[in-house]
Amino acid sequence: MSTERYNAREAEPRWQKVWDERGIFRTRNDDPRPKYYVLEMFPYPSGRIHIGHGRNYVMGDVVARFKRMKGFNVLHPMGWDAFGLPAENAAIERNTHPGVWTYENIATMREQLKLLGLSLDWSREIATCDPAYYGEQQRIFLEFLKGGFVYRKESEVNWDPVDNTVLANEQVIDGRGWRSGALVERRKLAQWFFRITALAQELLDGLDTLERWPDKVRLMQRNWIGRSEGLHVRFELAAGAAAAAELPREVKVYTTRPDTLFGASFLALSAGHPLTETLAAGNPALAAFVEECRRGGTSTAEIETQEKMGFDTGLKVRHPLGGPDLPVYVANFVLMEYGTGAIFGCPAHDQRDLDFARKYGLPVTPVVLPPEADPASFAVGDIAYDGEGTLYHSGFLDGLSIPEAKEAVAARLEKQTLGNAPVGERAVNFRLRDWGISRQRYWGCPIPIIHCESCGPVPVPEDQLPVRLPDDVTFDAPGNPLDRHPTWKHVACPHCGGPARRETDTMDTFVDSSWYFARFASEPNTPPLQKGAADHWLPVDQYIGGIEHAILHLLYSRFFTRALNKIGRVSIEEPFAGLFTQGMIVHETYKDPAGRWLFPEDVEKAADGSPVTVATGEPVTIGPPEKMSKSKRNVVPPEVVADTYGVDCARWFMLSDTPPERDSEWTSAGIEGAWRFVQRIWRLVGEVLALVPEAPEAPAAFGEAALGLRRAAHKLAAQMAEDVERLRFNVAVARVHAFANVFGDAVVAARKSAEAGPLPADTAFALHEAARYLVRAIAPSVPHLAEECWAALGGEGLAAEAAWPDSDPELLAEDTVTLPIQINGKRRADITVPKAASPAEVEHAVLALDAVVKALDGRPPKRIIVVPQRIVNVVA
RNA sequence: GCGGGUGUGGCGGAACCGGUAGACGCGGCGGACUCAAAAUCCGUUUCUGGUGACAGAGUGUCGGUUCGAGUCCGACCACCCGCACCA
């Protein structure tokens, strides 16, 4: 080994082969060491990856490799979220089968991931489109059905007219399909649901136990679950109106503000409320109004601009606390899906109710008086008052605070009866809705149900699972290929044997990703979900993925884990003990004069430094950094980086500079910086070996210089371990650079010393030790380079299997400390004292300093603050 | 509208529990090596004044607490993210 350049292109595949041949990343469940499970969110096999996809895998890999060096039995698996719509679109465009397209993509992307040198246990690889996997999912579905977590109902759904499928509420973003971007329509369909609301309270409470999750994600989930406490209040229809025989006698509303009941001036029903439907049947004008409400769009812009509209039904209800009768409206702003689909309106203290009341000339009676407001003059104009205050104009509530009044109303109405039941009942409501999982698609997990005219929906018997997707399908017509398949759906009813048909809907692909982390726990070629294995490995110790899954995937997975627990399939309650959400990699965009997007490699710098196209030399417009995407062509393929700089450079760059949770910009300057670093480490190791070819014996004593280097090396190992534990990769990188600077100085000094005579034994030892510490400290980040250096340094075995370097506590402890000296809070000097020096000794030494003597000018100091080991402040 | 977050050199960013602001990297400038370039190495790089030692200012703005504030408190400004007629 000499000062020649490190040849990553030659070394990286060589070491990958060694790792592979020795099977060192293959994990066994019977390994006695403590377990550590690192998982990055598995990818959708869309075709090819770009370097932007690599960041979370590299971060997970650093953790996995580090934990291995720390003595853990690490599980670090990879798989494919392989069902989904793009495969069907590709099937239409290319006239192939979705499965063929998917497995081709998997093959490509597997090779690309391997190129990154990730320490994955590929023997546990799974694809969710494998019948062994989705068969187990069908079993789980049926067990959920038995356990009450699955049901079927006719419901209004979000229909994506482009993807021709149903979307869950969580999958509608700003009124558009999360994948297609199409405006979502409302349709009524019979759908299968997971009863996620049954666990709403648990899912909310469980968030408090997830201490290693970002607060931001926990908050988002908390808001999404949206718990509120309030009161159900039953309003009796006033006599005159209720004469019609078919009308119910009452209307039930949900309110979180029972304290404002005396300020109520109307009731409002949603357009989908049963009473509305009854009334509309005999009232064409109302029917027309309901139709108008339904047409109202669901996009943000439309909702925001939509005016409050109402229709007076002519009905009146009695005020339960003796106020005047209230008119009943149908209103477009009342949601059927939340609460009871009916509200009472208190215009003075709710903005929506106020807007409505002003439009229809309804009374606005304030009943909460803001602190220090004058009861005689306080009035509500265009802004409703929803703050603190004292009740007034409210009979027996007068003088109470809002919480007191809520309690008083609840207590009163609980005792009051209407018919045989109490008028008021305390109730908890959640914003969370049940998870509709039916999708009218082919490329997904079939729902294992058979519909029989006489027996209804019947589960597919256990011995007939899995229900496999038929291979002979066509995509030449819109709609679901399963539905129009000539034979697949026609089966005999498992109950009565009569003619029946299969459910042709498949499951939402979010179901597939709700338990895959449990599949990895089982050894290959074993049943996909084994309790013992799952309980051993789960929860995932460190889960890494994008913030875009803060609600959908993470909430569904939490629900699934709890539901699996309830049906006895696992013992754990939460799937992910630690969660980290990494930022994206962004890159500048390039456009030629015709406005076409250009790949980064199609752009170069002209002689004057301006960007031009490689092909024609035309000027290029540079756009701001954006998320790497195929459509904008601002992508960098991993192969190109591997060929020019090596994968370790890419890994190092991805870890450097930017905190991992923030977006990071990919630049050529950045990758070149990483290249210089890699070469520098290689050169340093080479120079050390030139001076100290073999590991020397430890000498009896060390001089100051050797001791300084040893201290730095041992400190590096200790601090870097902490940085990696806390996923502060950018700080860890900075520490390595700082150490390399110290190390480099030591090597230069040693070379000079060696020119004059033989190298002292303590220096030789310290240099060699420092090199071995450095190489292991960077091994998780730049594993190929580390192997090459480790081998050159005569390290035992592979760097990937080496132990993390120990830090000698004596070397970490400093015996002197340099204290900054402030005079009146400004730093004026510093002083080096023994670490054990008492405050009095320090004070004495400080008062003797020139700068202090000068500042005091003979006067005694007003005060001296000595913070041991930290700072001294002299107040003159 | 509601909720949350972030503001530090030319740039990415560091600074533990309130204790030397700007670590480390990028870029810039100057120099060494070279016929020259690349690569590499050395020095320098918050701003203002000064040849200099040094002095003053400085972490979005204004104010407060403290011996001491990037860090804590209050008000405001800007940007980013999430939710959004949830009664």
Side-chain angles (χ1 to χ4, degrees), chain A residues 3 5 173-175 214-224 226-228 230-231 253-258 260 268 270 296 300 303-304 306-308 331-335 337-346 349-353 355-356 383 386 429-433 547-548 550-551 652-653 656-659 661-665 667-670 672-677 679-680 683 719 722 726 728 730-741 744 748 818-830 861-867 869-876:
Chain A
T3 49
R5 274 194 194 171
I173 293 149
D174 287 348
D215 289 341
K216 181 189 169 80
V217 175
R218 289 199 281 178
L219 186 71
M220 282 165 75
Q221 293 212 351
R222 194 165 286 131
N223 291 341
W224 188 264
R227 185 183 197 271
S228 75
L231 200 64
V253 307
Y254 173 72
T255 179
T256 56
R257 292 297 303 271
T260 63
S270 78
T300 310
I303 286 170
E304 269 179 355
Q306 214 166 49
E307 213 177 313
K308 302 272 179 293
N332 66 338
F333 68 94
V334 181
L335 305 173
E337 300 82 29
Y338 186 78
T340 62
I343 61 153
F344 80 77
C346 174
H349 303 294
D350 183 292
Q351 192 61 45
R352 296 157 302 182
D353 299 345
D355 295 344
F356 190 78
I383 311 280
D386 59 5
N429 239 302
F430 293 93
R431 211 188 72 109
L432 184 70
R433 317 270 160 78
I547 185 73
E548 67 273 18
I551 293 171
W652 191 252
F653 176 36
S656 303
D657 293 344
T658 306
E661 68 278 8
R662 287 197 211 165
D663 288 352
S664 165
E665 189 182 352
T667 60
S668 52
E672 280 160 21
W675 161 263
R676 276 196 295 273
F677 167 79
Q679 295 302 334
R680 186 175 183 209
R683 221 169 30 241
Q719 291 183 326
E722 206 187 311
R726 295 169 61 192
R728 293 163 50 85
N730 59 321
V731 180
V733 164
R735 272 194 221 290
V736 172
H737 278 289
F739 176 76
N741 290 341
V748 169
T818 300
L819 299 176
I821 309 304
Q822 294 182 334
I823 296 169
N824 293 331
K826 288 195 183 285
R827 182 178 172 277
R828 284 294 128 98
D830 51 37
K862 284 207 188 95
R863 202 173 155 189
I864 299 181
I865 294 113
V866 179
V867 184
Q869 327 275 312
R870 281 262 176 217
I871 202 167
V872 180
N873 190 7
V874 180
V875 185

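Letters A, B, ... mirror the listed sequences (proteins, then strands); counts begin at 1.
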**Student:** Write down the distance between CZ (A/R828) and C1' (B/C54), rounded to a whole number of angstrom.
**Tutor:** 10 Å

**Student:** Looking only at atom C1', what distance separates B/C16 and B/A53, rounded to whole Å?
**Tutor:** 35 Å

**Student:** Give the rounded distance in Å between these two atoms: CD of A/E661 and P of B/A14.
**Tutor:** 8 Å

**Student:** Is there a side-chain contact between A/R863 and the phosphate of B/C67, meaning an N or O under 4.0 Å from OP1 or OP2?
**Tutor:** yes

**Student:** I want to check one thing: is the phosphate of B/C26, taken as OP1 and OP2, less than 4.0 Å away from some side-chain N or O of A/R676?
**Tutor:** yes

**Student:** Look at the side chain of A/Y338 and decide which nucleotide, out of B/C67, B/A87, B/C41, has an atom nearest to it.
**Tutor:** B/A87

**Student:** Just checking A/I865: base, sugar-phosphate only, or nothing, at a heavy-atom cut-off of under 4.0 Å?
**Tutor:** base

**Student:** Between B/C85, B/U20, B/G12, which nucleotide gets closest to the side-chain atoms of A/D657?
**Tutor:** B/G12

**Student:** Side chain of A/L219 only, heavy atoms from C-beta on: which candidate in B/G25, B/U20, B/G3 is closest?
**Tutor:** B/G3

**Student:** Quick check on B/G58: is either OP1 or OP2 less than 4.0 Å from any side-chain nitrogen or oxygen of A/K826?
**Tutor:** no

**Student:** Using only side-chain N and O atoms of A/T818, determine if any of them is under 4.0 Å from OP1 or OP2 of B/U20.
**Tutor:** no

**Student:** With a 4.0 Å cut-off on heavy atoms, is A/V733 in touch with a base, just the backbone sugar-phosphate, or nothing at all?
**Tutor:** nothing

**Student:** Between B/G25, B/A87, B/G13, which one does the side chain of A/N730 approach most closely?
**Tutor:** B/G13

**Student:** Does A/S664 reach a base, just sugar-phosphate, or nothing at all? Heavy atoms under 4.0 Å.
**Tutor:** nothing

**Student:** At less than 3.5 Å, do the side-chain atoms of A/K308 and the base atoms of B/C85 form a donor-acceptor pair?
**Tutor:** yes

**Student:** What integer distance in Å separates A/E665:CD from B/C26:P?
**Tutor:** 16 Å

**Student:** Closer than 4.0 Å, any side-chain N/O of A/R683 to the OP1 or OP2 of B/C41?
**Tutor:** yes

